[in-house]
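Here's the structure, in structure tokens; my notes come after.
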Amino acid sequence: MIGRRHPYYPYLEAALEAASLARGIHLYYLEKGFTEGTKSGPTDLVTQADREAEEAVKGLLLSRFPKAGFLGEEGGSEGGKALRFIVDPLDGTVNYAHGFPFFAVSIALEAEGAIQMGVVMDTARGEVFYALRGEGAYLNGRPIRVTGRESLVGSLLATGFPYDVAKDPENLTYFERALRKGLLVRRPGAAALDLAYVAAGRLEGFWEVKLNPWDVAAGWLLVEEAGGRVTDLEGNPYRLGSRYILATNGRVHEALRRTLLGLD
């Protein structure tokens with residue numbers, strides 16, 4: 001179990017509470033109904049639940065830690081980066097709008113130049129994935145680990161695509177290479193949960209192109225704390241804002257990286 005003396009434990013407690021607030025908002029609008037709009041294009045949706053969940057999360061976290069900065073998908077950035085929360089109030093909005101039960105709230109804390117805390121709460125399943133740096137990764141209070149599978153053959157993988165594939169088709173090439181190798185690839189539609197599933201051993205790997213910090217910050221820490229590996233497609237350590245993310249159990253990492261780049 002995570003020790004309460006960990007310096008970022010109070011931030012984890014607050015993030016878990018804030019995630020529960022966001023989940024309640026998701027569920028409320030699923031039952032009541034909601035309005036939706038678009039952002040960058042006709043398939044880039046935003047709903048009342050996105051905006052209200054972010055306001056609720058932001059209000060709680062900054063009331064507890066008023067010196068912290070905040071970066072959210074809907075409201076942008078305020079405050080500094082030395083200590084800041086990075087939040088996606090509803091990852092998988094398109095899924096949410098269609099009632100497809102794969103969406104979550106993601107909350108991370110960046111401090112001392114690294115992600116120190118991460119929470120991903122699956123609204124539909126009620127599962128809570130969380131981690132503190134150096135303390136391992138957990139699902140509903142139980143430790144989780146990446147799988148021990150060493151071959152890409154039989155590995156279950158996930159990826160995602162941009163809202164306008166015609167304008168940004170790069171991942172179609174990687175996807176086709178994986179399929180032509182006979183690999184098992186899914187496209188669930190919520191990167192935070194995809195990463196949490198790698199951490200929990202439900203997937204061997206996940207890759208995507210051009211994700212935002214709020215999409216990956218919490219899940220990145222989950223994978224590493226569960227014993228996995230996270231890099232860019234060149235094999236360099238992942239950094240927030242990198243164009244590519246590749247997260248695996250570590251054992252299939254290099255084989256998947258080479259497959260995606262067409263090196264094997």
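Residue numbers run from 1 in the order of the sequence given.
- When atom types are taken as modelled, the side chain of Asn95 and the backbone of Pro188 share a donor-acceptor pair closer than 3.5 angstrom.
- Counting only distance, with no hydrogens or angles, the side chain of Glu204 and the backbone of Leu152 share no donor-acceptor pair below 3.5 Å.
- You'll find the side chain of Phe206 stays beyond 4.5 Å of the side chain of Val223, heavy atoms only.
- Checking Tyr29 against Glu52 by side-chain atom types alone, a donor-acceptor pair falls below 3.5 Å.
- Between Glu13 and Arg64, no side-chain nitrogen of the basic residue sits less than 4.0 Å from a carboxylate oxygen of the acidic one, so the salt-bridge criterion is not met.
- Between Ile115 and Leu240, the closest side-chain pair of non-hydrogen atoms falls below 4.5 Å.
- Between Arg187 and Gly160, the shortest heavy-atom contact is NE-CA, 4.0 Å.
- In this structure, Leu132 CG and His6 NE2 are separated by 4.5 Å, a value rounded to the nearest 0.5 Å.
- Exactly one of Asp88, Leu222, Leu90 qualifies for a side chain to side chain contact (heavy atoms under 4.5 Å, CB included) with Ser106. That residue is Asp88.
- With salt bridges taken as basic N to acidic carboxylate O contacts below 4.0 Å, one links Glu127 and Arg202.
- Formation of a donor-acceptor pair under 3.5 Å by the Arg229 side chain with backbone atoms of Thr248 is not found in this model.
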Evaluation steps, side chain to side chain contact (heavy atoms under 4.5 Å, CB included), between Glu208 and Asp215:
CA-CA 11 Å; Glu208 198 163 337; Asp215 297 313; over 6 Å; no
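- No continuous path of ILVMFWY side-chain contacts below 4.5 Å connects Phe175 to Leu195, so the two sit in separate hydrophobic clusters.
- In terms of hydrophobic clustering, with Ile, Leu, Val, Met, Phe, Trp and Tyr side chains grouped at heavy-atom distances under 4.5 Å, Trp207 and Leu193 are assigned to different clusters.
- From Leu12, atom CG reaches atom OH of Tyr130 across 7.0 Å, with rounding to the nearest 0.5 Å.
- Counting only distance, with no hydrogens or angles, the side chain of Arg133 and the backbone of Leu221 share no donor-acceptor pair below 3.5 Å.
- Relative orientation of the Phe129 and Tyr197 rings is tilted, given thresholds of 30° and 60° on the angle between their planes.
- The minimum heavy-atom distance linking Trp214 with Val87 is given by the pair CB-O, 3.4 Å.
- Of the possible polar contacts, one joining the Arg177 side chain to the Leu260 backbone as a donor-acceptor pair under 3.5 Å is found.
- The closest donor-acceptor contact from the side chain of Thr123 to the backbone of Arg23 lies at 3.5 Å or more, if one exists at all.
- In this structure a side-chain-to-backbone donor-acceptor pair under 3.5 Å is present from Asp91 to Ala191.
- To the nearest 0.5 Å, atom CG of residue Leu21 and atom NE2 of residue His26 are 10.5 Å apart.
- Across all non-hydrogen atoms, the minimal contact from Gly134 to Glu225 is N-OE2, 2.9 Å.
- Across Ala15 and Ile107, no two heavy atoms sit closer than the pair O-CD1, 3.5 Å.
- The backbone N or O of Glu73 sits less than 3.5 Å from a side-chain atom of Glu54, completing a donor-acceptor pair.
- In terms of heavy atoms, Leu60 sits closest to Ala14 at CD2-O, 3.6 Å.
- Tyr238 and Trp220 have their aromatic ring centers within a separation under 6.0 angstrom.
- Between the side chain of Asn249 and the backbone N or O of Gly228, no donor-acceptor pair lies under 3.5 Å.
- When the side chains of ILVMFWY residues are joined at heavy-atom separations under 4.5 Å, either directly or via intervening members, Tyr244 and Phe161 end up in a single hydrophobic cluster.
- In this structure, the side chains of Val216 and Val230 stay at 4.5 Å or more apart for every pair of heavy atoms.
- Taking the six-membered ring for Trp, Phe103 and Tyr96 have ring centres closer than 6.0 Å.
- The CG atom of Asp50 lies 3.5 Å from the OG1 atom of Thr93; values are rounded to the nearest 0.5 Å.
- Looking only at side-chain heavy atoms (C-beta outward), Val128 and Asn140 come within less than 4.5 Å of each other.
- Under the rule for a salt bridge (charged side-chain N to carboxylate O under 4.0 Å, His left out), Arg145 has no partner lying at least two apart in sequence or in another chain.
- Residues Glu55 and Arg51 are not in side-chain contact: their nearest non-hydrogen atoms beyond the backbone lie 4.5 Å or more apart.
- Scanning all heavy atoms of the two residues, the minimum distance from Ala18 to Val57 falls at O-CG2, 3.6 Å.
- Arg239 contributes no side-chain N or O that, together with a main-chain N or O of Asp232, makes up a donor-acceptor pair within less than 3.5 Å.
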Distance-only donor-acceptor hits, side chain of residues 77-85, under 3.5 Å, sequence neighbours excluded:
unit_1 : atom_1 : unit_2 : atom_2 : d
Glu78  : OE1    : Lys58  : NZ     : 2.6
Arg84  : NE     : Glu110 : OE1    : 2.6
Arg84  : NH2    : Glu110 : OE1    : 3.1

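- Going from atom CG of Leu246 over to atom OG1 of Thr231 covers 4.5 Å, rounded to the nearest 0.5 Å.
- Rounded to the nearest 0.5 Å, atoms CZ (Arg125) and CZ (Phe102) are 9.5 Å apart.
- Taking the side chain as every heavy atom from C-beta outward, Lys210 and Pro162 never approach each other to under 4.5 Å.
- With a 4.5 Å cut-off on side-chain heavy atoms, Val119 and Val105 do not count as touching.
- By the 4.0 Å N-to-carboxylate-O rule, Asp168 lies close enough to Arg243 to be salt-bridged with it.
- Cluster membership check: Val209 shares its hydrophobic cluster with Leu261, using side-chain heavy-atom separations under 4.5 Å among Ile, Leu, Val, Met, Phe, Trp and Tyr.
- Under the 4.5 Å side-chain heavy-atom criterion for grouping Ile, Leu, Val, Met, Phe, Trp and Tyr, Val120 is connected to Val198 within one hydrophobic cluster.
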